[in-house]
Amino acid sequence: MKTMCNELSTIYTDEEINKQAEIDEAIMNEAWRAAEERLCSFCSIELAQRIISELKGLYSIYNKSAVEWYAELYDPKIGGYYYSNSARDNKYVEYNKKKYRLPPDLESTSQAMGVIGLSHMADKFDGNIAQALPEWMKEKMVSFVKNMQDEKSGYFYHPQWGKELTDKWINRRGRDLTCATRILNRYGETPLYKTPLEDRSKDKKSEKASTAPHLKDKDSFEIYLNSLEFDAQNAHSAYKVGNVLESQVTELVARDKELQKEGADYSLLSILKEWLDARFNSENGTWTKAPLYHDSCNGILKICNVYARAGLTLPDSIKSLETVMECITLKDEPLHICCILNPWYAMSTLIGCIRAYGSNDGGASKLLSEIREKVYPKLPEMINKTANNLKLFVKPDGSFSFFKNRSADLSQDMPVAIPKTNEGDVNSTMICTTAIPNHICSYLGIREIPVYTESDRMRYINVLERNRLKA
């Protein structure tokens with residue numbers, strides 16, 4: 001039986017956890033068997049077995065202690081998750097000669113919650129993250145999120161950064177808007193005020209206050225796009241531009257719908273596609289003319305995500321895919337964790353786009369067949385290289401750092417941790433423990449193999465409960 005500390009608090013015993021771990025082991029064995037069987041429908045038995053063997057090697061890197069690490073970052077008094085241990089253990093950080101507080105933030109909270117579902121810890125609850133967590137977390141977390149919303153604009157602003165600074169970084173503001181609404185949605189809640197994501201076509205006063213100036217109309221949007229620093233000779237430029245655009249796609253799609261309802265004879269999404277297509281390099285499938293390096297693939301991912309989320313048809317998807325495959329097996333040591341994630345993310349995004357919207361270079365079924373022939377024989381090498389690269393970033397507590405020997409102390413240009421600290425952070429650990437394996441499984445065409453299971457969730461809950469009782 002579970003130990004009841006009070007009417008709202010539950011602690012699982014070691015016996016209960018161990019019993020569940022035995023059940024989980026059987027579930028995992030069946031997941032691996034089913035994955036191999038599925039692969040055999042795409043390739044030979046020998047190749048399928050080699051792919052599964054390499055994938056198991058990658059999964060062996062994941063340390064179960066990361067579950068407790070995640071849970072320790074939740075602050076029961078505030079209702080949010082910290083970005084990292086240094087953020088939790090320090091009140092302030094100095095950045096540009098100014099002190100900033102280090103409380104929990106929206107993106108870390110959204111990502112930490114997301115891991116519970118993406119890692120399969122919430123499978124017992126059909127993936128419902130809110131149900132997988134203690135009921136007492138809801139009130140604090142919902143309040144934590146809602147109190148950041150600005151009534152006039154509908155955006156969410158962290159008190160440590162403020163409105164003026166956040167408005168200078170559209171990528172930060174856009175991600176906070178997305179993360180805040182995602183957290184509330186998980187709890188069946190809505191923001192206190194209308195957001196820029198909502199239909200404001202019938203609310204002129206609200207629209208005027210909330211629509212970003214550069215999304216107002218065709219001319220404003222074209223001026224904005226042409227102001228972006230898109231340097232064809234710099235591979236990182238495509239990533240930066242793609243990152244800024246991706247952070248606004250949800251707003252852009254919502255605004256485009258409003259304009260169509262108002263009778264506009266143009267589409268912001270069509271303008272965006274024309275602008276991106278014109279900068280595509282058909283020789284290498286990227287948006288740069290720079291020599292192939294990890295940043296080439298990072299740019300492909302970000303811009304392909306813009307196409308995918310906006311429902312736009314890609315340019316030459318085969319050429320882009322070939323470049324992505326080269327990025328995965330580059331001999332160069334990856335500079336940061338996204339150099340490992342982004343090629344796999346780009347591959348699954350490319351496939352998803354082809355299935356949903358086709359491509360400028362051919363029909364979906366023909367392209368998918370051609371892609372499978374090109375990629376499958378190379379998958380064992382690609383997965384092995386990915387595993388070896390991941391080992392460079394893992395920490396003793398099971399977390400992962402953004403750079404090899406330190407975490408990124410800025411998140412979308414905002415200070416979130418103590419600089420030069422050799423530690424894991426929520427973003428990087430989420431990337432490594434859920435995004436990378438799930439994108440690999442997605443590309444392989446197999447069901448996601450759980451990284452964590454119900455017994456891990458039980459240990460996670462124990463940490464949350466004990467910290468709550470101590471708070």
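In what follows, residues are counted from 1 in the order of the sequence shown.
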Establish, from distance only, whether the side-chain atoms of E423 and W69 form a donor-acceptor pair under 3.5 Å. no

| Intermediate values then yes/no, side-chain contact (heavy atoms from CB on, under 4.5 Å), L102 and Y83 | CA-CA 9 Å; L102 290 171; Y83 173 80; over 6 Å; no

- prompt: Given the rule in the side-chain hydrogen bond (donor to acceptor under 3.5 Å, both in side chains) test, do Y81 and E72 qualify, once you have shown the distances and angles that lead to the verdict?
  reply: CA-CA 9 Å; Y81 286 79; E72 292 285 2; over 6 Å; no

- Query: Are D409 and K420 within salt-bridge range, i.e. N to O under 4.0 Å?
  - Reply: no

When you measure from the side chain of D256 to the backbone N and O of S267, does any donor-acceptor pair fall under 3.5 Å? no

Check your understanding: For Y155 and E251, does a side-chain donor sit closer than 3.5 Å to a side-chain acceptor?
Key -> yes

Scan side-chain atoms only and decide if T434 and N438 contain a donor-acceptor pair under the 3.5 Å cut-off. no

Exercise for the section: Establish, from distance only, whether the side-chain atoms of D89 and S86 form a donor-acceptor pair under 3.5 Å. Expected result: no

Can you confirm whether K99 is buried at NZ, in the sense that more than 12 heavy atoms of other residues, nucleotides or ligands lie under 6.0 Å from that atom? no

Charged N-O contact under 4.0 Å between R173 and D176: no

Handout entry: Q149 (side chain) donor-acceptor with V145 (main chain) under 3.5 angstrom
Key = no

### Query
Are R457 and E454 within salt-bridge range, i.e. N to O under 4.0 Å?
yes

### Query
Using the benzene-type ring in the case of Trp, are the ring centres of F230 and W275 under 6.0 Å apart?
yes

In terms of side-chain geometry, is the basic nitrogen of K302 or E246 positioned less than 4.0 Å from the acidic oxygen of its partner?
yes

* Asked: Are any side-chain N or O atoms of K140 and backbone N or O atoms of K77, one a donor and one an acceptor, separated by less than 3.5 Å?
  -> yes

Does a donor on one side chain sit under 3.5 Å from an acceptor on the other, for E164 and Y157? no

| message | Check for me whether the distance between the ring centres of F400 and F393 falls short of 6.0 Å. | response | no

inquiry  = When you compare the side chains of N427 and E107, does any donor N or O come within less than 3.5 Å of an acceptor on the partner?
reply    = no

| said: If we count only N and O atoms by modelled type, under 3.5 Å, do the side chains of S401 and K395 hold a donor and an acceptor together? | reply: yes

Exercise for review: May I ask you to decide whether E189 forms a salt bridge with K146, counting only side-chain N to carboxylate O separations under 4.0 Å?
Suggested key: yes

Using the rule given for side-chain contact (heavy atoms from CB on, under 4.5 Å), can you reason through D105 versus M148, listing the C-alpha separation, both sets of side-chain angles and the distance that settles it, and then say yes or no? CA-CA 10 Å; D105 66 89; M148 290 193 200; over 6 Å; no

| field | Candidate pair Y460 and Y70, rule side-chain contact (heavy atoms from CB on, under 4.5 Å), full reasoning | value | CA-CA 8 Å; Y460 187 102; Y70 272 119; 3.7 Å; yes

Any donor-acceptor pair under 3.5 Å linking the side-chain atoms of D425 with those of S407?
yes

